[in-house]
Amino acid sequence: MSEPDTTRQRLFFALWPEAAVQQRIAYWAEQCAKSCGGKRVPDENMHLTLVFLGGVTPEQRGCLEAVADEVTVTSFDLTLDRIGYWSRSRTLWLSTSNTSPELLELAMALRAAMSLCGLKVEERPFRTHLTLRRRAHRGPRFREINPIVWHATDFALVASETHPEGARYQVLRRWRLVASGE
Ligand code: 2AM
């Protein structure tokens, strides 16, 4: 059996909200607890993945951070106003009916970093979502929620470790977005 590659970290770029916003998001994970089933994402893990990077070597991480240093996207408001369910992945999620150009620009810039840094590029299209519950068996009966307006002022590089009790995430570094009006 081959040894696990301990030099690689499982990383992703994400929008990582402050605790107060995480709690407002988590409210919706709880609202659908009985009817949707599955396992809720803990409050402190609530995030929006910009791009999943997979196993990354220290050299590749240095390269990814250098690309992130050059990102000049403006801060933006993200209005979470939709709740939904993907039956294939059995995921319950929150999303927005209006993905802002800044969010797309940010996700695309970080996705481009993958090929620049020698990683296999993510081919699936970017779909704005925050996972609320995994292995859910049904979606909610409603589609719209009282909007949560989240002012995104930075993005983060996050490490993911898989443990028997679930994923454990560690924010490694944050980059500020350019303040609007600067
Ligand atoms: P998900 O919430 O839609 O499952 C950390 O695991 C984050 O990266 C999660 O938000 C997860 O998205 C995403 N992720 C995990 N594994 C992935 C994979 N193999 N491909 C793409 N995204 C992945």
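Both counts, for ligands and for their atoms, begin at 1 and track the order of listing.
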### Task
For Arg127 and Trp86, run side-chain contact (heavy atoms from CB on, under 4.5 Å): C-alpha distance rounded to whole Å, both residues' side-chain angles, the deciding distance at 0.1 Å, then the answer.
CA-CA 12 Å; Arg127 287 203 285 183; Trp86 290 325; 3.7 Å; yes
Do Thr49 and His47 have side-chain N/O donor and acceptor atoms under 3.5 Å apart?
yes
Smallest heavy-atom separation, Ala159 atom then Gln9 atom, equals CB-NE2, 4.4 Å
Review point. Is there a donor in the side chain of Asp69 and an acceptor in the side chain of Trp175, or the other way round, less than 3.5 Å apart?
Key: yes
Query - Residues Asp154, Arg176: salt bridge by 4.0 Å N-O rule - result: no
Next item on the list: Tell me yes or no: between the side chains of Thr128 and Thr99, is some donor less than 3.5 Å from an acceptor?
Entry: yes
Contacts for ligand 1, heavy atom under 4.0 Å, by chain and number, are Arg10, Phe12, His47, Thr49, Phe52, Glu122, Arg124, His129, Thr131, Arg134, Tyr169
